[in-house]
Structures are given as C-alpha cells and as structure tokens.
Protein chains: 2
Amino acid sequence: MTSKPLLPSDPADQLSVQDRRDAMHHAIRKRICLLEYPPGARLSETELAQEFGTSRTPLRRVLARLEDEGLVQSVHGVGTLVTDADIHELEHVYQLRVELTALPARLDPRLPDAAFMQKLDNFIMQSAKIIDHGTPLEFTEFDMDVFQFLLQLTGNAPLRETLERLYYQTKRLWLWAAINAKLDLVGEFRIFHHELEALQHALRSHDLDAAARIQSAHISMSFKRLFQKIK
Amino acid sequence: MTSKPLLPSDPADQLSVQDRRDAMHHAIRKRICLLEYPPGARLSETELAQEFGTSRTPLRRVLARLEDEGLVQSVHGVGTLVTDADIHELEHVYQLRVELTALPARLDPRLPDAAFMQKLDNFIMQSAKIIDHGTPLEFTEFDMDVFQFLLQLTGNAPLRETLERLYYQTKRLWLWAAINAKLDLVGEFRIFHHELEALQHALRSHDLDAAARIQSAHISMSFKRLFQKIK
DNA sequence: CCCATGACTGTTGTGCACAACACCCCATTC
DNA sequence: GAATGGGGTGTTGTGCACAACAGTCATGGG
C-alpha cells in the first residue's frame, strides 16, 4: 500500500537512493571533465555534501567510485584531489579507446531508426554553428552529448560502460590543451563536423562497421594531434 | 622522523589503508567467484567487518566497489546480495572478453622473459595433474592464477583492469556449470591443458599475436560449450 | 638571521548510533 | 478458512563525533 507516497512535496523525494547517487556522480564527473575542477584541485567533502543536500557519508560513496574510475584520489589528511591528466599516462587509455570504439559494430549493433537520424541531423547543424563562434568549453559539452548519443549504436552494456569510463578519463586533456591554445581550434571543430557528416553518410548506408571505423580513426588522429602539440 | 614506526606489533600495521582495502576486495571477490558466496547469498556487513577486524564503514567502501563491478547488489532493508550469473546476461560480457583478449598483442605487448617461460612450464605441469584428479573448484582457482599471470603480456594498465573485471564477472558461471555436472569436466581440463601448450608454442616463437588469438578463440569456444549445455 | 620545534588548522578515515526500510509471523476479523 | 493489519526483527542507509594524519605558521633558541 505504501509503494508510492501521495502528494510528494518535492520531486526529489521520488528519486531512489541510487538515482540520487548517480546524479551526484554524473554532476561531479562532468565538472571534472569540463575542468571546473582542474587537475590538482581539492574537492571538499563537506562543501559538496552541503551543496547536494546530504551528509558526507553518501557523498563519500560517490567520491569512492570516482576514485575507482581514476578521476580523483583521496589522500588522508590532505584532501580529495583531482588526478592530473598527463598525456603519457593517458596514451594507453587512448589506444584502448581506439580499439574499443570499433567494437559496437560487431557486438550487438543497433541500426539507427528515423528518430536517431533526425537527432544526428540536429547535432550536425549544431556543430556547424560551433565552427564559427564556439568556445572549447561549449564544444566539449557538445562532444559529451554526441558521445552519449552514439553509444546507442550498440546494445552491449559492458562495452558501453567501458567506453564511457575511458572517455571521461581522456576528454578533459583535450579541453585543457584547447583552452591553453595548444590546438588549432577551428581546425578541430571542422574535423569534428566532417566526422559527423561521415558518420551520417555511413549510417544512411546502414554500414555500422564503417561508422565505427570512422570514430575509431578520429580518436586515433585526435590523439596524434594532441601528442604532437603538447609533447 | 616518524616515517616508520619502530617495532610494529603486527605486520598488518604496516599496510596502508588502500592495501587493506584491496586485500578485503580481493578476498571477497575470490569467494564470490569460487561460489563460496553463491548467487543470491546475503553478505552480512557486520560479520564481514568483524572477520576483517574493522567496522562497517571501511567494509562498505569495499562492497560499494563490488557493487560497481556488478558482483553484488545492496538493497535497503534486505541485504547485500550476490548477483546471479545468468548466461543470457553474461553473453555480452563474454563477447567483449573475446574481443579484448586479442588486444594485449597490439597494445604495449610485453615479450616474456626466461622467468616467465619457466613459470609457464610449471603451470602446464600443474594442469596435467588436474586432468586426472581435479575438482572444479581447484581448477577455477588454478585458472585464476593463470589468468593473472598471462595479464603480464601487456603493459596497458587500463586494458588489464578491464579484462580483470570482465573475467570475474563470467568465471563463476563456468564453475557453477561444472559443479552441477553440466560440463564434460575431463574434456574441459584437457582443452585448457592444450591451450596452455599452444600458448607456450606461440610464445616460444615470440608470436604474441598468435598467443592472444589462441586465448581469444578459447574464450569464444568455452562460451559456446557453456551456452549449448545450460541453454 | 636561520633552523628546529610544537601548537594549530583543516582534511580524510573510522566507529557508532539511529533512521529507513523490507520481510516474517501471528493475531484478529470478516 | 482466508485475508488483513500490526508488531518484531534484521538489514542497509545516513548523520555525526572523533581519531589519524598532513601541512602551515609562529615562536623560541642558536
């Protein structure tokens, strides 16, 4: 009888424990990825707990997951520090991403439907606007949306989770390089736009393998450009 | 000056916080994989905390990681339950393992040295003994050792971690099938022995790619046999 | 002036008490 | 007899207080 409370005063009350946990996890992960919390930054458990309206205990559960994912590191007596994104350490992650990104076409591939192609159209239009007057921050946020969107191309959940974890480990390094003027921004934007158009072309032919190879190739080339510029 | 305590009363005192955490994590994970905690079993936080000589708080940190890895699931008011190993849900994990197992040869491959080949010899001798009078439990424990050992063939840490996580998600399903007489045990043992000999042959030729493909093929075939038997 | 030392401050780690919740059992009622 | 309601019990989730620890700054002695 008490399965659903009547007239919940706050919509947040309906969220389960795990939902609120995921919400905090995604929020903090996004801030780290967008360099709102740059490498080396100290995250205050007390402040974050207050911000999310909870105590340290549930928040520490979230930080623990972020630590297992390699985004933060808790040091006793010092603080919870955002790990630094060093390209030499992330080279292995990039190489793994290149290989894994080719797999959605082979492991439970999902052919896109009309709604998917429609949304892809919208993304392509948005990317065209970014080329002219986009900031690195805006672009990265956009890239995150596109990434999540393209994950739908596979129904293999473990693969999706692995790709997601690796993505968030590497993306902030690109953003850092872009902000610090290490990259040819307009060039990067153009390449991304072309990638989306190429993806559209491949998907219209129902060639998921081609689409996956395109993404894989672009990750590889993106890393090459990064590595050349910031040594 | 106080960097190292004098005359530690207990060697465990020297272990860092993270070391003790990892020790608990590996211990519980092994028990789950060896079906000492079968699917559906309730893990008592209080009992486990007492056993490891700590309180619930650090132990919950470990259970949280196991939950993120998909081995247990905590339900409020009920308990921490070992997830069930269903072959239909694990099919995606198996398929991903097949693909990932081929990668060590391409991502930072490490050629085995003499000590490695020596240890491989020992493993092959041990596997020969298991064929005649081995139990499923003994075999799985042995398989875990061999798996960890073969991870040395790549220096790509993210790949190793991913392979490890996926391994522990699937292996207990094989053990369950073996215990419940769903498999031709001697046949399985023989196949594993042959796999190790084939690996030895490939590694003697310094052909890491061949070695990786052999492992990949065996995971694929092992899943096929499992799937046929337990539907 | 320089260095050592110790108190102070702020952080994460731990333990504990209680809240929130689910399940079981049994009495009660129709 | 069957359904229902309520209390009891055991579990995980949360909040809080304190321990353990690292860094900083001031102070005193050389």
Side-chain angles (χ1 to χ4, degrees), chain A residues 1-6 8-10 12-25 28 32 37 40-83, chain B residues 1-6 8-10 12-25 28 32 37 40-83:
Chain A
M1 290 294 287
T2 62
S3 62
K4 299 226 175 181
L6 299 177
S9 57
D10 188 343
D13 291 346
Q14 290 181 345
L15 293 178
S16 70
V17 171
Q18 190 168 349
D19 287 337
R20 276 180 290 164
R21 235 196 329 248
D22 287 344
M24 287 191 284
H25 176 259
I28 299 175
I32 293 174
Y37 300 148
R42 270 215 327 262
L43 305 187
S44 169
E45 293 183 352
T46 309
E47 285 182 13
L48 282 174
Q50 280 183 349
E51 178 190 338
F52 290 107
T54 180
S55 75
R56 278 181 62 212
T57 308
L59 187 104
R60 279 174 63 77
R61 170 75 171 81
V62 173
L63 290 182
R65 182 170 168 186
L66 289 170
E67 186 170 13
D68 291 336
E69 291 172 346
L71 293 180
V72 304
Q73 184 184 12
S74 290
V75 183
H76 192 183
V78 178
T80 299
L81 310 173
V82 177
T83 56
Chain B
M1 291 292 285
T2 61
S3 60
K4 299 227 175 182
L6 300 176
S9 57
D10 189 342
D13 292 346
Q14 291 180 344
L15 293 176
S16 70
V17 171
Q18 192 169 350
D19 287 337
R20 275 180 290 165
R21 240 204 313 257
D22 287 344
M24 287 191 285
H25 176 258
I28 298 175
I32 293 174
Y37 300 147
R42 272 215 327 262
L43 306 187
S44 168
E45 293 182 352
T46 309
E47 285 182 13
L48 282 175
Q50 282 184 348
E51 177 189 339
F52 290 108
T54 180
S55 76
R56 278 181 61 211
T57 308
L59 186 104
R60 279 174 62 78
R61 171 75 172 81
V62 173
L63 290 182
R65 183 169 169 188
L66 289 171
E67 186 169 12
D68 290 336
E69 291 173 345
L71 293 180
V72 304
Q73 184 184 11
S74 290
V75 183
H76 191 185
V78 177
T80 300
L81 310 173
V82 177
T83 57

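Each chain gets a letter, A, B and so on, in the order the sequences are listed, and its residues count up from 1.
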Using atom types as modelled, flag every donor-acceptor pair under 3.5 Å from a side chain in residues 74-82 of chain A to any protein atom, sequence neighbours excluded.
unit_1  : atom_1 : unit_2  : atom_2 : d
A/Ser74 : OG     : A/Thr80 : OG1    : 3.2

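In this structure the side chain of A/Arg65 reaches within 4.5 angstrom of the side chain of A/Asp22, judged on heavy atoms. Annotation: side chain of A/Thr54 is in contact with side chain of A/Met24 (closest heavy-atom distance under 4.5 Å).
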> With the sugar-phosphate defined as primed atoms, P, OP1 and OP2, and the base as all remaining atoms, what B/S/- string results for nucleotides 10-18 of chain D, 5' to 3', for protein heavy atoms under 4.0 Å?
Replying inline: BBBBBBB--
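The salt bridge (charged side-chain N to carboxylate O under 4.0 Å, His left out) search around B/Arg61 returns A/Glu67, A/Asp68, not counting sequence neighbours.
Of all non-hydrogen atoms in A/Thr46 and A/Arg56, the two that sit nearest each other are OG1-CD, 4.1 Å.
Summarising the geometry, the separation between CG on A/Leu81 and P on D/dG23 is reported as 10 Å, rounded to the nearest angstrom.
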